S.K.: 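Dumping the structure here so I can ask a few things about it.
Predicted model, so just to flag it, every value in this text is computed and none were measured.
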Amino acid sequence: MASYNLSHLEQLESEAIYIFREVAAQFEKPVILFSGGKDSITMVHLARKAFWPAKIPFQLLHIDTGHNFPEALEFRDNLAEIYKVKLDVGLVQDSIDRGTAQEEKGANPSRNSLQSITLLEKLEEGQYDAAFGGGRRDEEKARAKERFFSHRDEFGQWDPKNQRPELWNLYNGKKAVGESFRIFPISNWTEMDVWQYIKKEKVDLPSIYFSHKRNVVNRGGVWVADSPYNTLLEGEKYENKVIRYRTLGCMTITGAIESEADDLDKIIDEVAAARQTERGNRADDKRSEAAMEDRKKQGYF
Amino acid sequence: MSNNNSGYLDMDLLRFTTAGSVDDGKSTLIGRLMYDTKSIFEDQIEAIEKSSENRGDEHVNLALLTDGLRAEREQGITIDVAYRYFATPKRKFIIADTPGHIQYTRNMVTGASNANLAIILIDARKGVIEQTKRHSFIASLLQIKHIIVCVNKMDLVDHSEEVFESVKEDFLSFEAKLAIPDIRFIPISALNGDNVVDKSKHMDWYEGPSLLWTLENVQIASDRNLIDSRFPIQWVIRPQSDKYHDFRGYAGLVSGGVMRKGEEVVVLPSGFTTKIKSIETMNGQLDEAFPPMSVTMTLEDEIDISRGDMLAKPNNQPQVSQDIDMMICWLNTNALKLGGKYIIKHTTNEAKCIIKDIRYKVNINTLEKSENDKTIGVNDIGRILIKTAKPLFFDSYRKNRNTGSVIIIDEFSHETVAAGMII
Ligand SMILES: Nc1nc2c(ncn2[C@@H]2O[C@H](COP(=O)(O)OP(=O)(O)O)[C@@H](O)[C@H]2O)c(=O)[nH]1
């Protein structure tokens with residue numbers, strides 16, 4: 001007799017597909033927040049599977065800090081074209097120009113905290129009532145309590161004390177006018193699950209996830225890339241290193257790791273052996289132990 | 001390093017919940033499981049070392065690993081369900097970590113709703129207490145089939161077999177009423193790691209396996225309902241493309257039974273019968289689909305079907321009714337209103353409903369039914385009768401967790417106010 005068992009990846013996939021379909025049914029105008037990183041690329045893949053052979057019934061929204069890796073932008077544009085999804089881009093620069101956001105000072109100004117402002121402006125402008133994010137609960141302590149359907153008030157804010165209980169697979173997307181939801185279909189995935197899934201499903205990724213040579217400078221233990229947005233401090237100089245990225249974000253703060261892993265199997269071995277969380281390489285989370293929680297309350301993904 | 005991930009694709013998934021009262025050592029136990037299975041990263045360990053030092057703890061406090069939000073850190077308590085992950089080469093584990101005191105019922109019910117297994121923690125020095133009974137009752141109410149009772153802090157009772165045996169006896173004597181199919185007992189010390197991942201050197205008298213071994217080997221495959229075919233329609237797929245011009249697919253999650261291509265199905269509520277023409281996924285067609293797969297079905301005949309409808313077998317159909325009898329756990333600070341109107345969500349269906357009767361409330365300390373005091377407020381459990389504005393297609397929760405569960409939503413605040421299990 002057949003055993004009728006699903007592997008953990010198949011179960012996680014099915015759960016995510018279920019969430020995508022639920023959102024399509026419960027909301028007017030959902031949008032996929034597309035950061036360009038592997039988690040959002042995985043989300044797009046899952047969304048395709050959820051609605052196949054129809055197209056993904058949502059747009060993509062990218063909040064562009066203006067400090068992106070060129071490889072990631074190129075990948076983004078290609079992806080939107082291949083799968084025929086409309087791409088909406090919100091520029092942090094526009095918010096700065098409008099005066100709703102203010103640039104940080106310093107040698108590697110981060111635009112991460114400014115993203116929240118542009119995001120909220122774009123969600124309002126596009127009248128999106130649900131936004132899919134690639135957040136995972138294993139990433140960070142504040143995310144461990146995040147719901148699949150995460151309710152936000154009219155200001156886009158998250159109230160960790162007032163989240164709706166989520167039971168079985170019954171998701172409550174009801175809301176008042178002006179309120180919205182953030183949706184996290186891959187909540188239950190770990191970094192390892194995402195990599196294994198990418199391998200199993202042969203999902204394409206931007207080249208910078210794989211080992212390559214690049215000019216980087218060591219700043220406080222983080223390898224920061226040579227880019228027009230970074231200023232060398234006194235005594236600093238770029239070195240040419242064999243590196244790769246575990247996450248993609250602002251070029252100014254996303255740290256590279258020294259790595260020879262140039263294919264998925266090697267990356268998976270590396271992830272299995274890794275002693276640092278992905279976010280450990282992001283300078284902004286280190287600023288304070290509760291940094292993520294503070295940013296979430298303000299409306300960050 | 002060597003390729004040690006080859007087995008990864010065959011891993012399965014176990015979801016469990018943990019219950020215990022404050023200070024029984026739940027956070028320490030979860031921290032220990034994650035630490036010993038190397039699911040904790042160096043930067044996280046550094047962060048808790050720093051926090052432990054700031055708090056003046058004398059050694060690294062593993063409990064801090066699982067102690068989420070800032071407010072909680074400040075108050076030193078956990079206040080909501082948090083999810084944790086760890087994996088061994090055999091299984092991936094999802095822990096629904098529920099706090100032991102305030103809002104315990106609401107949180108535990110939430111955490112237990114998706115769990116295959118519950119760990120109930122008992123402090124060896126205190127033995128079975130009121131909370132233990134509540135936790136076990138909730139686990140049985142939510143139809144968790146497997147319970148592991150961990151008798152913790154064995155180091156503080158000289159690793160005594162007598163203490164362990166007497167806790168076990170106490171537990172079994174009150175549990176008899178609950179009829180939980182699979183109960184196991186393990187003496188542990190979460191703090192020292194005894195019998196958590198490895199067998200303890202201090203308890204030779206204990207012949208059973210360690211906690212982790214048990215978690216890895218519990219058989220959960222047969223806990224799903226593979227007999228009664230149920231396929232709630234979630235979304236209708238109609239590609240507006242030339243290639244798939246006539247494609248009309250019904251997307252959903254198989255919620256019971258094994259559904260096969262070519263098989264006859266009945267569509268509810270219309271009652272039309274047809275056959276499954278194909279079972280589609282982006283990776284190719286399938287001959288059969290089973291829980292919890294998300295698939296898309298096409299049917300032989302053109303029938304008007306929409307979200308909320310259900311496919312079943314003509315000779316094995318769910319109940320169809322507007323009068324529904326259920327156990328509920330109330331989750332909201334505004335009490336249940338007899339005669340009040342609410343929204344009910346069930347599978348992919350939704351309807352207005354009215355509370356017709358409150359039959360009784362369960363005293364969760366004594367497990368007795370009270371027909372005098374029938375006010376149902378937050379954290380209360382009771383049995384009610386509702387009438388829905390349209391018929392729902394359901395099974396008893398005992399028979400099928402997917403088609404037997406509902407949530408009740410307040411029409412105005414939109415909050416999820418109750419979890420219901422159909423009788
Ligand atoms: N001696 C001993 N102490 C323990 C054990 N497990 C937990 N503790 C201690 O009991 C206290 C409460 O533990 P904690 O994990 O925070 O409990 P929680 O409230 O259930 O999460 C802490 O001081 C722990 O160090 C154990 O097995 N033996």
Side-chain angles (χ1 to χ4, degrees), chain A residues 2-15 17-18 21-22 24-25 48-55 137-138 141-142 144-145 160-161 163-170 172 174-176 187-188 190 192-193 196 200-201 265 268-269 272-277 279-280 289-290 293, chain B residues 1 3-5 8-13 41-44 47 51 68-71 79-85 87 92 94 106 109-110 113-114 221 226 234-235 237-241 244 247 251 253 258 281-282 290 292-294 307 331 343 345 348 401-402 405-407 409 414-416 419:
Chain A
S3 64
Y4 299 120
N5 285 331
L6 293 184
S7 72
H8 75 299
L9 287 180
E10 289 165 330
Q11 291 192 47
L12 292 173
E13 176 190 71
S14 177
E15 177 179 82
I17 287 175
Y18 180 83
R21 290 168 172 172
E22 239 358 72
R48 285 175 56 219
K49 294 191 88 164
F51 302 103
W52 184 92
K55 285 190 307 177
R137 289 171 179 154
D138 80 318
K141 274 203 249 176
K145 304 189 173 189
K161 286 220 179 90
Q163 288 291 309
R164 295 174 184 174
E166 268 178 359
L167 298 112
W168 298 290
N169 55 7
L170 296 167
N172 174 2
K174 300 220 174 284
K175 60 185 179 346
S187 288
N188 277 333
T190 59
M192 187 57 147
D193 297 329
Q196 287 286 351
K200 174 172 174 273
E201 292 284 307
D265 281 320
I268 288 165
D269 281 346
R275 305 305 308 142
Q276 293 270 316
T277 56
R279 291 200 157 263
E289 200 195 340
E293 193 182 330
Chain B
M1 61 166 280
N3 189 336
N4 60 359
N5 305 306
Y8 198 86
L9 294 175
D10 304 324
M11 279 164 61
D12 70 358
L13 178 63
F41 294 101
E42 255 170 27
D43 51 339
Q44 292 174 321
S51 300
L69 302 182
R70 172 187 291 185
I79 46 177
D80 199 348
V81 186
Y83 295 86
R84 326 273 172 207
Y85 304 85
K92 172 187 168 102
I94 301 180
R106 165 191 152 133
V109 167
T110 305
S113 71
N114 286 315
L226 293 172
Q234 199 182 4
W235 181 252
I237 293 179
R238 299 216 58 177
Q240 312 292 333
S241 67
Y244 295 100
F247 186 98
L253 185 121
V258 179
T281 73
M282 194 170 92
F290 51 88
M293 286 168 77
S294 283
R307 174 173 165 90
L331 310 168
I343 297 166
K345 254 184 183 287
T348 57
R401 265 176 138 182
N402 297 313
S405 54
V406 304
I407 56 171
I409 296 170
H414 301 135
E415 287 176 292
T416 303

S.K.: Enter the distance from A/E13:CD to B/M293:CE here, rounded to the nearest 0.5 Å.
M.R.: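 It comes to 9.5 Å.
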
S.K.: Closest heavy-atom contact between B/T281 and A/W52?
M.R.: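 Closest approach of B/T281 to A/W52, heavy atoms only: O-CZ3, 3.6 Å.
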
S.K.: Please find the pair of heavy atoms, one from B/K92 and one from A/N188, that lie closest to each other, and give the distance.
M.R.: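 The answer is NZ-O, 2.9 Å.
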
S.K.: Give, as side chain, backbone, both or neither, the part of B/I407 having an atom under 4.5 angstrom from any heavy atom of chain A.
M.R.: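 For B/I407, heavy atoms of backbone and side chain both lie under 4.5 Å from chain A.
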
S.K.: Supply the atom-to-atom distance B/M11 CE to A/M192 CE, rounded to the nearest 0.5 angstrom.
M.R.: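 Nearest 0.5 Å value for the CE-CE distance: 8.5 Å.
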
S.K.: Is it true that a side-chain atom of A/S14 and a backbone atom of B/S294 form a donor plus acceptor pair closer than 3.5 Å?
M.R.: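 Checked: pair present.
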
S.K.: From A/L170 CG over to B/I409 CD1, what is the distance, rounded to the nearest 0.5 angstrom?
M.R.: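 The CG atom of A/L170 sits 8.5 Å away from the CD1 atom of B/I409.
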
S.K.: CD1 of B/I343 to NZ of A/K174: how many Å apart, nearest 0.5 Å?
M.R.: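 That separation rounds to 4.5 Å.
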
S.K.: Quick one: does B/D12's side chain get under 4.5 Å of A/N5's, heavy atoms only?
M.R.: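 No, every pair of side-chain atoms sits at 4.5 Å or beyond.
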
S.K.: For B/S405, is it the side chain, the backbone, both or neither that has a heavy atom under 4.5 Å from a heavy atom of chain A?
M.R.: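 The answer is both parts of B/S405.
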
S.K.: Answer yes or no: is there a donor N or O on one side and an acceptor on the other, between the side chain of B/N114 and the main chain of A/W168, under 3.5 Å?
M.R.: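 Yes, because the side chain of B/N114 sits within donor-acceptor range (under 3.5 Å) of the backbone of A/W168.
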
S.K.: With only heavy atoms counted, which part of B/Y244 is less than 4.5 Å from chain A, the side chain, the backbone, both or neither?
M.R.: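 Answer is side chain: those atoms of B/Y244 sit under 4.5 Å from chain A.
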
S.K.: Rounded to the nearest 0.5 Å, how far apart are CZ of B/R84 and CZ of A/R137?
M.R.: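 If we round to the nearest 0.5 Å, B/R84:CZ and A/R137:CZ are 10.5 Å apart.
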
S.K.: Using a 4.5 angstrom heavy-atom cutoff, name the option from A/K55, A/E10, A/R48 with the most pairs to chain B.
M.R.: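 Winner by heavy-atom pair count: A/R48.
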
S.K.: Please report the shortest heavy-atom distance between A/F51 and B/I237, naming the atom on each side.
M.R.: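 Minimum heavy-atom separation between A/F51 and B/I237: O-CG2, 3.5 Å.
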
S.K.: Less than 4.5 Å to any heavy atom of chain B: does that hold for the side chain of A/Q11, its backbone, both, or neither?
M.R.: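 It is the side chain, since no backbone atom gets that close.
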
S.K.: Would you please test B/T348 and A/E22 for side-chain contact (heavy atoms from CB on, under 4.5 Å) and show each step?
M.R.: CA-CA 8 Å; B/T348 57; A/E22 239 358 72; 4.2 Å; yes

S.K.: Atom OG1 of A/T190 and atom OH of B/Y85: how far apart are they, to the nearest 0.5 Å?
M.R.: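 Those atoms lie 9.0 Å apart.
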
S.K.: Compare all side-chain heavy atoms of B/L331 with those of A/L167 and state whether any distance is below 4.5 angstrom.
M.R.: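 Side-chain contact under 4.5 Å: yes.
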
S.K.: Measure distances from B/V109 to the heavy atoms of chain A and classify the residue's part below 4.5 Å as side chain, backbone, both or neither.
M.R.: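 Interface part for B/V109: both.
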
S.K.: Write down the atom of B/P239, the atom of A/P53, and the distance for their closest heavy-atom approach.
M.R.: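 In terms of heavy atoms, the two residues are closest at CG-CG, 3.7 Å.
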
S.K.: Over all heavy atoms of both residues, which pair between B/L13 and A/H8 is shortest? Give the atoms and the distance, please.
M.R.: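 For B/L13 and A/H8, the tightest heavy-atom pair comes out as CB-CB, 3.9 Å.
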
S.K.: Do you know the tightest heavy-atom contact between B/Q234 and A/A25?
M.R.: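 Closest heavy-atom pair between B/Q234 and A/A25: O-CB, 4.1 Å.
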
S.K.: Which atoms of A/K49 are under 4.5 Å from chain B, going by heavy atoms: the side chain, the backbone, both sets, or neither?
M.R.: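 Answer is both: backbone and side chain atoms of A/K49 are under 4.5 Å from chain B.
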
